[in-house]
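For reference, the structure I am asking about is given below.
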Amino acid sequence: MTAISKSQAAKAFGAALFTSTRRKNTFVNMLTGSAPQSVQADRNRNKSQTEAGAPVVMVTDLSRQAGDTVEMDLFHNLNGLPTMGDKKIEGRGESLDKVEFELSINQGRHNVDSGGKMSQQRTKQNLLQVARTMLGNYFNDLQDEIATYHLAGARGDFMPEDMIVPTADHHLFAETMVNPITAPTADRHFFGGDADAIDGANGIVAADKLTLSKIDEIALYLEEMAHPIKPVRFEADALYGESPFFVLFVTPRQWNDLWTDAQANGKVTELIANAINRSNGFKHPLFQGDRLMWRNILVRKYSKPVRFNAGSSVQVGNGNGDGKEKTVTTKTLLERAILLGAQALANAYGKTSSGAQFNMTTKKVDHDNGRETVIGWMNGLKKVRFEEKSGRINDYGVMVLDTAVGGLSK
């Protein structure tokens with residue numbers, strides 16, 4: 001019989017916890033591709049990543065430690081003129097221009113006090129098991145929020161009591177996010193109605209809500225844009241080549257505005273049918289639940305909206321594409337939708353003290369009367385952006401759409 005050491009057991013448990021969190025149908029997991037595959041160029045770095053066509057690319061690099069970084073490379077497409085006839089081709093090679101993207105990873109932990117002996121005595125539930133289960137759910141909720149704000153390029157003002165990540169003015173906000181949030185670049189930022197900005201003479205006003213015509217406009221832009229955002233591609237999607245698609249995540253209020261517009265134009269049945277037909281032979285969580293589809297853009301809700309109150313200060317990218325930001329002020333209540341293609345967000349893991357991506361420990365406290373359980377992880381997320389050949393800096397796989405939203409009667 002082979003003896004298993006305490007450290008081996010901890011590593012196995014951490015790996016199992018990582019697998020368990022990955023299997024849950026969360027925002028990040030739903031957008032991440034299949035199991036990690038070796039990356040040929042990075043084998044010497046002990047790095048692997050999920051399929052590159054998914055909106056979220058997960059990179060595992062178990063050689064890294066807390067506070068370290070993980071790198072991704074992008075090679076620009078070749079676009080030079082060919083050499084024709086008998087012209088000499090030697091020395092006329094087009095350079096392989098490469099730009100790098102880097103994100104940090106850091107250790108995060110959360111502690112649950114599962115109570116003393118009397119607390120356990122008063123309930124039939126196994127408080128230790130409840131604590132372990134809730135800690136796994138806690139990590140998934142936290143990661144979904146962090147991913148949403150990185151992709152949106154802003155935290156927003158919405159802060160109900162069940163959300164974890166604080167607003168951007170909180171002293172622990174930057175530390176919790178690990179990597180700094182970058183505002184949407186100007187070429188990837190759209191606005192509701194006839195608005196062309198958040199503020200100014202043609203800024204968003206209360207009437208500039210989400211409509212099908214705005215999705216038409218975005219679809220046309222995606223078809224004509226230089227350096228286009230790559231569509232979502234999962235390996236199991238047999239229709240990728242015939243019917244490429246993008247995913248637009250809208251807030252519940254934006255969904256309501258779009259639904260109202262679709263009803264007024266008699267398009268609801270068609271929108272639902274489009275989504276169902278596109279998912280034929282392709283069972284994926286993206287195509288489950290409430291969803292609509294228009295012009296190859298799948299529309300779904302996300303539950304924790306990025307909302308800006310009237311008079312809020314919002315960071316946006318400079319129009320010249322230099323990657324710098326400026327502050328503008330909202331004129332009305334607005335919310336942000338997020339359109340995703342491939343490789344929009346990098347999700348990197350390193351190793352914890354157990355040697356796996358996660359670790360969980362339980363310790364007796366208060367002279368063995370109570371127990372505390374701690375989950376630990378080594379992780380970092382960041383929106384992917386690169387400098388194009390022209391020198392403009394752009395978000396790589398994500399665009400955002402700001403619209404005014406209707407309010408509630410209570």
Side-chain angles (χ1 to χ4, degrees), residues 27-28 30-33 49-58 72-79 97-101 103 147-154 181-192 210 214-235 237 239-250 278 284 286 291 293-300 302 306 316-317 319 321 323 336-347 381-403:
F27 179 74
V28 171
M30 179 172 59
L31 297 172
T32 305
Q49 73 175 50
T50 50
E51 53 186 298
V56 177
V57 178
M58 186 178 71
M72 294 175 63
D73 298 332
L74 172 71
F75 288 88
H76 292 302
N77 292 331
L78 300 178
N79 61 355
D97 293 328
K98 184 187 79 169
V99 289
E100 295 180 347
F101 170 79
L103 72 156
T148 298
Y149 305 140
H150 273 300
L151 289 169
I181 286 182
T182 53
T185 51
D187 294 342
R188 304 288 190 263
H189 200 164
F190 285 80
F191 310 93
L210 180 58
K214 180 54 63 173
I215 296 180
D216 280 328
E217 180 184 325
I218 293 174
L220 179 60
Y221 183 83
L222 287 168
E223 291 173 356
E224 293 187 345
M225 67 188 293
H227 308 292
I229 293 175
K230 292 179 171 58
V232 176
R233 181 176 186 177
F234 293 105
E235 291 176 356
D237 184 9
L239 294 178
Y240 166 77
E242 301 173 25
S243 182
F245 74 96
F246 301 87
V247 188
L248 178 66
F249 284 94
V250 301
R278 181 58 180 82
H284 192 278
L286 274 175
R291 75 275 192 204
M293 196 162 200
W294 187 249
R295 299 282 298 272
N296 281 354
I297 295 177
L298 180 68
V299 184
R300 291 182 55 95
Y302 74 98
V306 175
V316 298
R336 179 163 291 177
I338 306 167
L339 184 137
L340 300 179
Q343 298 181 329
L345 183 77
N347 179 17
L381 297 98
K382 191 176 182 181
K383 179 174 58 175
V384 180
R385 60 166 43 180
F386 290 106
E387 182 178 344
E388 298 171 353
K389 279 188 174 182
S390 63
R392 292 185 72 88
I393 296 173
N394 264 316
D395 297 332
Y396 187 67
V398 58
M399 293 168 30
V400 301
L401 168 62
D402 291 337
T403 69

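Scope of the values below: all heavy atoms of this structure, side chains included, with no hydrogens, waters or symmetry mates.
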Mind running side-chain contact (heavy atoms from CB on, under 4.5 Å) on I297 and L339 for me, showing each step along the way?
-> CA-CA 9 Å; I297 295 177; L339 184 137; 4.1 Å; yes

Under the side chain to side chain donor-acceptor pair (under 3.5 Å) rule, collect the residues that match up with R300, sequence neighbours excluded.
-> none

Closest non-hydrogen atom pair, A344 against G397 | CB-O, 3.3 Å

Would you call P184 and F190 a side-chain contact if the rule is heavy atoms closer than 4.5 Å?
-> no

Below 4.5 Å, heavy atoms only, C-beta onward: do I229 and Y396 meet side chain to side chain?
-> no

Measure the spacing between CE of M30 and OH of Y302 and express it to the nearest 0.5 Å.
-> 13.0 Å

Separation between CZ of R385 and CG of N394, rounded to the nearest 0.5 Å | 8.0 Å

Is V299 close to M293 at the side-chain level, that is, under 4.5 Å between some pair of heavy atoms?
-> no

Those residues that, when tested against D237, pass side chain to side chain donor-acceptor pair (under 3.5 Å) (two or more places apart) | R278

Going from CD1 on I215 to CG on L210, what distance comes out if it is rounded to the nearest 0.5 angstrom?
-> 5.0 Å

Hey, what do you get for CG (N296) to CD (E223), rounding to the nearest 0.5 Å?
-> 8.0 Å

Does K383 use its side chain to pair, donor to acceptor, with the backbone of T182 at less than 3.5 Å?
-> yes

Considering non-hydrogen atoms only, spot the tightest contact between L401 and G192 and give its length.
-> CD1-N, 4.0 Å

Partners passing side chain to side chain donor-acceptor pair (under 3.5 Å) against R188 (at least two apart in sequence or in another chain) = none

Heavy-atom side-chain proximity of V232 to L31 below 4.5 angstrom | no

Check whether any side-chain heavy atom of V306 lies under 4.5 Å from a side-chain heavy atom of T148, and answer yes or no.
-> yes

For the pair T185 (side chain) and D395 (backbone), establish whether a donor and an acceptor sit closer than 3.5 Å, ignoring hydrogens and angles.
-> yes

Side chain to side chain donor-acceptor pair (under 3.5 Å) involving K382 - partner list, sequence neighbours excluded = none

For F191, the ring-ring contact (aromatic ring centres under 6.0 Å, His included) test, sequence neighbours excluded, returns H189

With rounding to the nearest 0.5 Å, note down the distance linking CG in L151 to CZ in R336.
-> 11.5 Å

Should I338 and V398 count as side-chain neighbours, where that means a heavy-atom distance under 4.5 Å?
-> yes

Indicate the atoms forming the closest heavy-atom contact of L220 with R295, along with that distance.
-> N-NH2, 4.0 Å

Do the side chain of S243 and the main chain of L239 share a donor and acceptor less than 3.5 angstrom apart?
-> no

If we only count heavy atoms from C-beta on, is the L345 to L381 side-chain gap below 4.5 Å?
-> yes

Partner set under ring-ring contact (aromatic ring centres under 6.0 Å, His included) for F249, not counting sequence neighbours = F27

Mind checking the CG-NZ spacing from L248 to K214? Nearest 0.5 Å is all I need.
-> 12.0 Å

Show your reasoning for whether side-chain contact (heavy atoms from CB on, under 4.5 Å) applies to F246 and L222.
-> CA-CA 10 Å; F246 301 87; L222 287 168; 3.7 Å; yes

I218 versus M399: any side-chain heavy-atom pair under 4.5 Å?
-> yes

Might you point out which heavy atoms bring A147 and V28 nearest each other, and give the distance in Å?
-> CB-CG2, 3.5 Å

Over all atoms of both residues, closest heavy-atom pair of G319 and A186 = CA-CB, 3.8 Å

